[in-house]
2 protein chains.
Amino acid sequence: MARPRQFDEHDAVASATELFWRRGYHATSVRDLGDELKLTPSSLYRTFTDKHTLFLRALDHYRATESTQAYRRLDASDRPVREVLREWMLWLVTCPADGESGRGCFVVNTATELGTTDTQVQERTEAAFAVTRQALRAVLAEGRERGELSTDLDIGGAVELLFTTVLGLRVRERAGHGLERLTTTIDFAIRALGAAPAQPA
Amino acid sequence: MARPRQFDEHDAVASATELFWRRGYHATSVRDLGDELKLTPSSLYRTFTDKHTLFLRALDHYRATESTQAYRRLDASDRPVREVLREWMLWLVTCPADGESGRGCFVVNTATELGTTDTQVQERTEAAFAVTRQALRAVLAEGRERGELSTDLDIGGAVELLFTTVLGLRVRERAGHGLERLTTTIDFAIRALGAAPAQPA
DNA sequence: ATGGTTCGGGAGTGATCGCTCCCGAATCGG
DNA sequence: CCGATTCGGGAGCGATCACTCCCGAACCAT
């Protein structure tokens, strides 16, 4: 039809995600976004409708990248579940691959900032939470099948505790808490899954 | 000296706390505050210097009321520590005495919204966190002394886990999660403290 | 009473908010 | 090559942001 875009829409969403992640929704202005994405206001609005829509796109982008990566790291098909869980949680509080620390989790930050006021946002945060819980449930189930966890283990309760602990860890990482204390937390949480049952040879 | 104030400064801070708590820092405008506190801008600024200072006052007010009440409810001098812990955590996620739900914890909301960017805010959130951890430590120590908890219990680890769990619970309450699931979480967290040692008559 | 001081209230500051409009340039299909 | 369409870019919209100034009224010490 006509003139094509001179910027990569996907890259722009990624940059917007970065900004919203660090500063939150209200503290990020459209001008900030424009500067970061190297987009004039008109291009930004033509492409993303408005700030709120762009924010939803950013949330979706985050879930499609960070959350999905977390989900993949929780795969326990070839390692002991305790080890997988421990390293997964450690990665969650260490992940600043790009040196950026104190960002916490975009979903957690968003859930606390926007609470239950924005239904479209809430749908997305709840979906992300549900995926995490589901993945935890799968790992624990696998651990029980393999005999790494006691058959007495209340998987429902363990999922809730691990999930809640992860939210807390994300808050603490955002608040700048040191890795040492967070590691202590993680180790104790793993221990809460109970001792490994005796192995039948 | 001169004409006295026609409003109660303490009440004004309490109202401001309510507003900041529900909406967060950036989403609360000075006009909103003025309307809620029934204060004209000039009175507000004469009394509280500026928005940021008023926010710090609100944080301090919250710690002096809500946090202190939580601290008091964690007193285990005349009841079993598990029971005290359980009811304390339940209260934390139920406390909307005034019907207001989904507010979460003002300190947690603030820590995630402002992260590590504001040192004055961070001092206060960290102080609040430290008080909670200290209170948890005291309860667990008492439980061990009384023989309600195993002498093998790693109190340091248990404190970290309980504290982190509480942060997670507060996030979930803010996100609108149902009491049922949160109760499951709490019960499993209590169970993570281990079985009660056999009572020596 | 009176002078000194702070009060409540309202108008108004410049800056920034989210967002729109219009332009000439660029790129397409025909 | 040309009409149609969308592009990037910049100026600028009304509204709201945090905040200030000024005024007459109210209060206290003397």
Side-chain angles (χ1 to χ4, degrees), chain A residues 1-61 109-110 113-114 117-121, chain B residues 1-61 109-110 113-114 117-121:
Chain A
M1 302 260 282
R3 180 178 174 183
R5 210 149 264 161
Q6 287 176 8
F7 64 94
D8 187 319
E9 188 172 324
H10 185 268
D11 288 351
V13 172
S15 298
T17 304
E18 202 69 34
L19 221 51
F20 279 130
W21 188 355
R22 282 205 306 267
R23 304 194 200 171
Y25 180 76
H26 288 293
T28 306
S29 77
V30 174
R31 278 176 175 78
D32 292 337
L33 289 164
D35 292 348
E36 183 83 7
L37 321 197
K38 310 226 181 298
L39 278 174
T40 55
S42 60
S43 293
L44 195 154
Y45 277 91
R46 203 194 340 268
T47 311
F48 301 111
T49 310
D50 60 13
K51 181 186 178 184
H52 186 258
T53 305
L54 176 55
F55 185 75
L56 295 180
R57 289 281 300 270
L59 264 181
D60 290 337
H61 173 78
N109 297 350
T110 300
E113 180 182 0
L114 273 15
T117 58
D118 188 319
T119 56
Q120 298 186 90
V121 166
Chain B
M1 304 255 281
R3 179 178 174 182
R5 216 149 256 162
Q6 286 177 9
F7 64 94
D8 187 321
E9 188 172 325
H10 185 271
D11 288 352
V13 172
S15 298
T17 304
E18 202 69 33
L19 222 50
F20 279 130
W21 188 355
R22 281 204 306 266
R23 303 193 200 170
Y25 181 74
H26 288 293
T28 306
S29 77
V30 174
R31 276 178 176 77
D32 293 336
L33 289 164
D35 292 348
E36 183 83 8
L37 321 196
K38 308 223 182 302
L39 248 60
T40 56
S42 60
S43 293
L44 194 154
Y45 277 92
R46 201 194 340 267
T47 312
F48 301 111
T49 310
D50 59 13
K51 181 186 176 182
H52 185 257
T53 305
L54 176 54
F55 185 75
L56 295 179
R57 289 282 300 269
L59 264 181
D60 290 336
H61 173 77
N109 297 349
T110 300
E113 182 182 358
L114 274 15
T117 57
D118 187 320
T119 56
Q120 299 186 90
V121 165

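Per chain, numbering begins at 1; letters A, B, ... match sequence-line order.
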For the pair made of [atom1] in [X] and [atom2] in [N], what is the distance, rounded to whole Å?
X      : N       : atom1 : atom2 : value
F7(B)  : dG8(C)  : CZ    : C1'   : 10 Å
D8(B)  : dC7(C)  : CG    : P     : 14 Å
H52(A) : dC19(C) : NE2   : P     : 10 Å
L44(B) : dC21(D) : CG    : C1'   : 16 Å
R5(B)  : dG9(C)  : CZ    : P     : 13 Å
F48(A) : dC19(C) : CZ    : P     : 14 Å

Taking N or O atoms only and anything under 3.5 Å, show me the protein contacts with nucleotides 14-18 of chain C, one pair per line.
residue : atom : partner : partner atom : Å
dC17(C) : OP1  : S29(A)  : OG           : 3.3
dG18(C) : OP1  : T28(A)  : O            : 3.4
dG18(C) : OP1  : K51(A)  : NZ           : 2.8
dG18(C) : OP2  : V30(A)  : N            : 2.8
dG18(C) : N7   : R31(A)  : NH1          : 3.2
dG18(C) : O6   : R31(A)  : NH2          : 3.4

Which heavy atom of [X] sits nearest a heavy atom of [Y], and at what distance?
X       : Y      : value
F48(A)  : T53(A) : O-CB, 3.3 Å
A16(B)  : A58(B) : C-CB, 4.5 Å
N109(A) : W21(A) : ND2-O, 3.6 Å

Examine distances only and state if a side-chain atom of E113(A) and a backbone atom of H26(A) form a donor-acceptor pair shorter than 3.5 Å.
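Yes, E113(A) side chain to H26(A) backbone: donor-acceptor pair under 3.5 Å.
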Between residues 35-43 of chain B and DNA chain D, which residues have a heavy-atom gap below 4.0 Å?
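When residues 35-43 of chain B is checked for heavy atoms under 4.0 Å from DNA chain D, the hits, listed by number, are P41(B), S42(B).
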Go through the structure and list residues passing side-chain hydrogen bond (donor to acceptor under 3.5 Å, both in side chains) with D8(B), not counting sequence neighbours.
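Checked D8(B) against side-chain hydrogen bond (donor to acceptor under 3.5 Å, both in side chains); zero matches.
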V30(B): partners by side-chain contact (heavy atoms from CB on, under 4.5 Å), with sequence neighbours left out:
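Checked V30(B) against side-chain contact (heavy atoms from CB on, under 4.5 Å); matches are L44(B), Y45(B), K51(B).
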Describe, in one word, how the ring planes of Y25(B) and F20(B) are oriented to each other, choosing from parallel (under 30°), tilted (30 to 60°) and perpendicular (over 60°).
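It falls in the parallel class, under 30°.
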For a quick test of your reading: what N or O donor-acceptor pairs under 3.5 Å do the side chains of residues 32-41 of chain B make, sequence neighbours left out?
residue : atom : partner : partner atom : Å
D32(B)  : OD2  : R23(B)  : NH1          : 3.0
D32(B)  : OD2  : S29(B)  : N            : 3.3
D32(B)  : OD2  : S29(B)  : OG           : 3.2
T40(B)  : OG1  : S42(B)  : OG           : 3.4
T40(B)  : OG1  : S43(B)  : OG           : 3.3

N/O-N/O pairs, protein side and nucleotides 23-25 of chain D side, under 3.5 Å:
residue : atom : partner : partner atom : Å
dA25(D) : N3   : R3(B)   : NH1          : 3.2

For the atom pair CZ (R57(B)) and CZ (F55(B)), what is the distance rounded to the nearest 0.5 Å?
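Those atoms lie 14.0 Å apart.
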Mind checking the CG-CD spacing from L56(B) to Q120(B)? Nearest 0.5 Å is all I need.
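If I round to the nearest 0.5 Å, the distance is 5.0 Å.
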